[in-house]
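Have a look at the structure below before the remarks.
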2 protein chains.
Amino acid sequence: MEENKNTNLEQGILEAAERLFLEKGFAMTSTTEIAKEAGCNQGLVHYYYRTKEKLFEEVFSKKAELFFSAFMNVENEELPFREKLRRVIEVHFDMLMKNPRLPFLLINEFTTNPGRVLSVKEKIKNLPESVLAKMEKELKEEIRCGRIREIELVDLMLMIISLNGGLFIAKPIMGAIMGMGEEEWERLAKRRRDENVRIILQAVEG
Amino acid sequence: MEENKNTNLEQGILEAAERLFLEKGFAMTSTTEIAKEAGCNQGLVHYYYRTKEKLFEEVFSKKAELFFSAFMNVENEELPFREKLRRVIEVHFDMLMKNPRLPFLLINEFTTNPGRVLSVKEKIKNLPESVLAKMEKELKEEIRCGRIREIELVDLMLMIISLNGGLFIAKPIMGAIMGMGEEEWERLAKRRRDENVRIILQAVEG
DNA sequence: ATTATCTATAGATCTATAGATAATGC
DNA sequence: ATTATCTATAGATCTATAGATAATGC
């Protein structure tokens, strides 16, 4: 309990920050607000994390890693290419369902402050290095054997991320413009999970 | 020249605001910055547009309309469904090529401030009302005749927007994570234009 | 003693407006 | 006279820190 109490607020601030950064992005979230959400005074936010930037980076790098985790996790499973591809899409989609604001956070911060991102790159170097290389190799092999059509890895990943991410990114837009409600969106999401798999599998076929 | 001089700064401020809002979004752009970019003092921004919000809305509603214009423009052309669909995708894509920051602006503002968006809805009501209904009717007819598979209009539009928009949205991310440069991105974009058409046409087939 | 928490505040913005001055249209 | 432009500033943040006080670990 003491140990708990010790890390209590430090952790609480981190979690409050996570919620708010995901909701509104870096620029529109103030440390005052984070403190209020965490139930402490504003000074404490800086006591534990020194600057808003440092606090943000702690949240952000975890989230960025999470976004790409689907690709890394499935890559280690032993499955035929087509099944592996299906799994990647599904795992990625399910992760987004649990973290629906994640695409927004990534887009917002990579777009408005690419500089802040450089430090994050270090933490997700696993992806670019080992995993991407392995995926590329597998993809090339499939193409060589004529089991799928000629396609670049970056094109494939972009398709997955665009189709999966688009659903979550467009949610507020569809809500505002077409007046789409939560229930209707849920039904749409349910359809899209299978459809995205289908579309991508179809798209890599000869 | 006088007339020009008259609207000169008013227009100049609007254009400066447009550039900056597209670059950094509403929250991260200050009226001081807009004034500097427009080459006048900060007071003038408020003289012409009263509040930052009003100035933003002027920019935003134009841009939101532009984003959906592809759907409206092509809808009026007389073409068989499949050709019309191809045209929509291509016209939408080409518009994004000319306005690469547009998807970011829409996402950012619809997500962080859905309230501000309500006033915009008025201005793009053309889409929801006449055009969407017409598209829906055509789509239903194609399905009824068995020329394409069963699909909802919203699914189709989401696919188009996700695939086309994703390329532009992911640009800074790919730049930061994979170190993708401008030239490489251009080549990718060239491929994606045709691929997106192909994928979507394939996806609506039986 | 050390660490956690709070209060108070300096210094940097930033938005919006008031009031002065210059330019333009009758 | 009216409209455009500038300067100056009030008032509201917001971040980061300093210094006081309370809690905890020896």
Side-chain angles (χ1 to χ4, degrees), chain A residues 1-61 105 108-109 112-113 115-117 119, chain B residues 1-61 105 108-109 112-113 115-117 119:
Chain A
M1 205 52 163
E2 289 105 16
E3 171 66 335
N4 211 359
K5 179 83 189 157
N6 244 359
T7 44
N8 213 0
L9 264 180
E10 183 166 8
Q11 187 63 23
I13 288 167
L14 191 70
E15 285 163 15
E18 194 171 306
R19 282 192 294 278
L20 291 169
F21 284 143
L22 278 165
E23 196 62 33
K24 305 140 57 89
F26 178 83
M28 285 189 67
T29 303
S30 70
T31 54
T32 311
E33 220 173 345
I34 292 168
K36 200 175 133 204
E37 170 92 5
C40 67
N41 70 87
Q42 186 255 343
L44 261 203
V45 175
H46 292 273
Y47 173 72
Y48 283 118
Y49 297 96
R50 195 139 200 101
T51 68
K52 186 181 160 190
E53 290 248 339
K54 282 195 171 60
L55 174 55
F56 179 78
E57 271 172 25
E58 203 123 328
V59 171
F60 187 70
S61 64
L105 184 71
N108 200 27
E109 304 308 330
T112 56
N113 204 328
R116 189 153 42 222
V117 142
S119 68
Chain B
M1 205 51 164
E2 290 105 15
E3 172 66 335
N4 211 0
K5 179 83 190 157
N6 244 357
T7 45
N8 212 0
L9 265 181
E10 183 167 9
Q11 187 63 22
I13 288 168
L14 191 71
E15 285 164 15
E18 194 171 304
R19 282 192 294 278
L20 290 170
F21 283 143
L22 278 166
E23 196 61 33
K24 304 140 56 90
F26 177 82
M28 285 188 67
T29 303
S30 71
T31 54
T32 311
E33 221 174 343
I34 293 169
K36 201 175 132 204
E37 171 92 8
C40 67
N41 69 87
Q42 185 257 343
L44 261 203
V45 176
H46 293 274
Y47 173 73
Y48 283 118
Y49 297 96
R50 194 141 201 99
T51 68
K52 187 181 158 190
E53 291 250 339
K54 283 195 170 60
L55 174 54
F56 179 78
E57 271 171 26
E58 202 123 328
V59 171
F60 187 70
S61 64
L105 183 71
N108 199 29
E109 304 309 329
T112 56
N113 205 328
R116 187 152 45 221
V117 142
S119 68

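Throughout, a chain's letter reflects where its sequence line sits, starting with A, and its residues are numbered from 1.
For the pair A:K52 (side chain) and A:F26 (backbone), a donor-acceptor distance under 3.5 Å is present.
For the pair A:T31 and D:dT15, the criterion of a side-chain N or O lying under 4.0 Å from OP1 or OP2 is met. In this structure, B:Y47 does not reach the D:dC6 phosphate: none of its side-chain N or O atoms is under 4.0 Å from OP1 or OP2.
Counting to the nearest Å, the C1' atom of D:dT3 and the CG atom of B:N8 are 15 Å from each other. If you take OH of B:Y49 and P of C:dT15, they are 16 Å apart, rounded to a whole angstrom. Residue B:K36 contributes atom NZ, which lies 20 Å from atom P of D:dT5 at whole-angstrom precision. The nearest whole Å value for the distance from the CD atom in A:Q42 to the P atom in C:dA10 is 15 Å. As rounded to whole Å, 9 Å separates atom C1' of C:dT17 from atom NE2 of B:H46. The NZ-C1' distance, from A:K24 to D:dT13, rounds to 13 Å in whole Å. Summarising the geometry, the separation between CG on B:L44 and P on D:dA8 is reported as 15 Å, rounded to the nearest angstrom. Nucleotide C:dA16 holds its C1' atom 14 Å from the CG atom of B:L55, rounded to whole Å.
Backbone-only contact: A:S30 has heavy atoms under 4.0 Å from sugar-phosphate atoms and none from a base.
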B:F56 vs B:E109, side chain to side chain contact (heavy atoms under 4.5 Å, CB included): CA-CA, chis, key distance, verdict: CA-CA 10 Å; B:F56 179 78; B:E109 304 309 329; 3.2 Å; yes
From CA spacing to verdict: side chain to side chain contact (heavy atoms under 4.5 Å, CB included), A:F60, A:L105: CA-CA 8 Å; A:F60 187 70; A:L105 184 71; 3.9 Å; yes
Stepwise side chain to side chain contact (heavy atoms under 4.5 Å, CB included) check, B:L55 with B:I34: CA-CA 11 Å; B:L55 174 54; B:I34 293 169; 3.9 Å; yes
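In terms of heavy-atom proximity, B:Y49 sits nearest to B:E58 at CE2-OE2, 4.0 Å.
Nucleotide D:dA23 has C:dT2 as its partner under the Watson-Crick or G-U criteria, with both atom distances under 3.5 Å. The nucleotide D:dA10 finds its pairing partner in C:dT15, both defining distances of the Watson-Crick or G-U wobble pair being shorter than 3.5 Å.
Checking C:dC6, D:dA16, C:dT15 against every side-chain atom of A:N41, the shortest atom distance belongs to C:dC6.
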